[in-house]
Amino acid sequence: MIGIKRPETEYELLDRAWSIAGLTLEELALQLKRKVPENLLRNKGWVGEMLELVLGATAGSKPEPDFQHIGIELKTIPVKKNGEPKESTHVCIVPMTETQGLNWEDALVRQKLARVLWIPVEVGGDLAERRIGAPLLWSPSHEEETLLRADWEEFMELITLGDLDQITAHLGEALQIRPKAANSHALAGGIGKLGESIRTLPRGFYLRTSFTGALLARHYHCY
DNA sequence: GTGTGATCATCT
DNA sequence: AGATGATCACAC
């Protein structure tokens, strides 16, 4: 069964996600008539792309939630045997031009995180044998949103003031900014210290592992 | 280059 | 070992 048709409701999407829970990646790939790669070294996004396919996400690289018609973003999250995430979670590119007057309410990062379908996938060992976990449909709690917003506002102020050199992955409690580019020589538009246009390294917003780990634990621990 | 899907690999 | 900075593939 290949789920190519997009789910029309939240329930339909969640139902489909539950239907693949427990499958190995090999079993999922078989359903999709794909080959499991040897490893993820040159296929870092492979697991995420398989899940997009089977859940009926519109393949594409548009800067919007995967299932915009029902307001849901799909995120696969690599989890260790103890259930904790192994990696941070990329959310979206960081806007670095025309940022003045940008509100949290309108921020793409808020739109994407407003409702997320988390699909945990085992990490480590043979790629083909890793299992897909139980889906979790999540929206930030009031506390979580407050945290995210505070980080975002701090970052956007630095960007708007041209203080890009002050931004490192050490900043931010829930959200962080790290490079997001083909390589360290890539250039994107930005704002200089004098308000002028500059070229700088493209960056992305990421959720810290501590943040996603806490939200997974909060929802899965009650089983 | 931009933005999607992310994980890799090096440094501390 | 964990986190930070760097990198890989693909569509357009």
Side-chain angles (χ1 to χ4, degrees), chain A residues 6 17 25 28-29 32 34-68 72-99 107-113 116-128 130 132-133 151 155 159 164-190 197-214:
Chain A
R6 78 172 191 181
L25 293 180
L28 178 63
L32 297 169
R34 303 300 177 101
K35 283 279 189 181
V36 180
E38 286 295 304
N39 55 58
L40 298 178
L41 271 173
R42 295 197 170 274
N43 293 275
K44 296 179 182 179
W46 184 79
V47 179
E49 285 155 12
M50 289 306 99
L51 287 165
E52 282 190 334
L53 271 179
V54 76
L55 295 177
T58 310
S61 55
K62 292 188 290 289
E64 60 187 44
D66 295 289
F67 302 96
Q68 191 169 48
I72 297 176
E73 170 73 9
L74 172 64
K75 285 278 167 237
T76 63
I77 183 163
V79 295
K80 298 177 288 186
K81 298 225 180 262
N82 63 9
E84 292 174 359
K86 179 169 188 272
E87 298 280 355
S88 54
T89 302
H90 170 63
V91 181
C92 62
I93 234 65
V94 176
M96 294 191 290
T97 61
E98 299 165 34
T99 57
L108 179 58
V109 60
R110 188 199 64 79
Q111 291 179 42
K112 287 200 165 191
L113 296 180
V116 178
L117 180 63
W118 297 100
I119 312 274
V121 177
E122 288 179 339
V123 72
D126 185 357
L127 181 58
R130 298 181 191 178
I132 299 164
D151 287 340
F155 285 131
I159 290 166
L164 289 173
D165 54 353
Q166 290 182 31
I167 296 180
T168 77
H170 299 277
L171 263 48
E173 191 172 333
L175 213 52
Q176 64 178 171
I177 286 182
R178 306 216 306 274
K180 180 66 171 92
N183 57 61
S184 61
H185 305 300
L187 291 173
S197 292
I198 62 165
R199 305 288 286 168
T200 185
L201 183 63
R203 291 152 229 232
F205 282 120
Y206 294 78
L207 290 177
R208 286 190 180 279
T209 303
S210 56
F211 181 83
T212 53

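These figures come from a predicted structure and were not determined experimentally. In what follows, chains carry the letters A, B, and so on, assigned in the order in which the sequence lines appear, proteins first and then strands, with residues in each chain numbered from 1.
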5' priority, DNA chain C, between N183(A) and L171(A) [closest heavy atom]: L171(A)
Footprint string (nucleotides 1-8 of chain B, 5' to 3'): B base within contact, S backbone only, - free, heavy atoms under 4.0 Å: SSBBBBBB
Interatomic distance where NE2 belongs to H170(A) and P belongs to dT12(B) [whole Å]: 10 Å
Distance-only side-chain donor-acceptor flag, R178(A) / T168(A), under 3.5 Å: no
Identified side-chain contact (heavy atoms from CB on, under 4.5 Å) partner of I177(A) from the options V94(A), D151(A), L164(A): V94(A)
Contact nearer the 5' end of DNA chain C, comparing I177(A) with K80(A): K80(A)
Under-4.0 Å side-chain N/O to phosphate OP1/OP2 contact, Q176(A) with dT4(C): yes
Polar side-chain atom of R208(A) near backbone of Q176(A) as donor-acceptor pair, under 3.5 Å: no
Backbone of E73(A) reached by a side-chain donor or acceptor of D66(A) within 3.5 Å: no
Contact under 4.0 Å: R208(A) side-chain N or O vs dT4(C) OP1/OP2: yes
Test item: R34(A) side-chain N/O and M50(A) main-chain N/O as donor-acceptor pair under 3.5 Å: no
Nearest heavy-atom neighbours spanning I159(A) and M96(A): CG2-CA, 3.8 Å
Length of the CG-C1' vector between N82(A) and dG2(C), whole Å: 13 Å
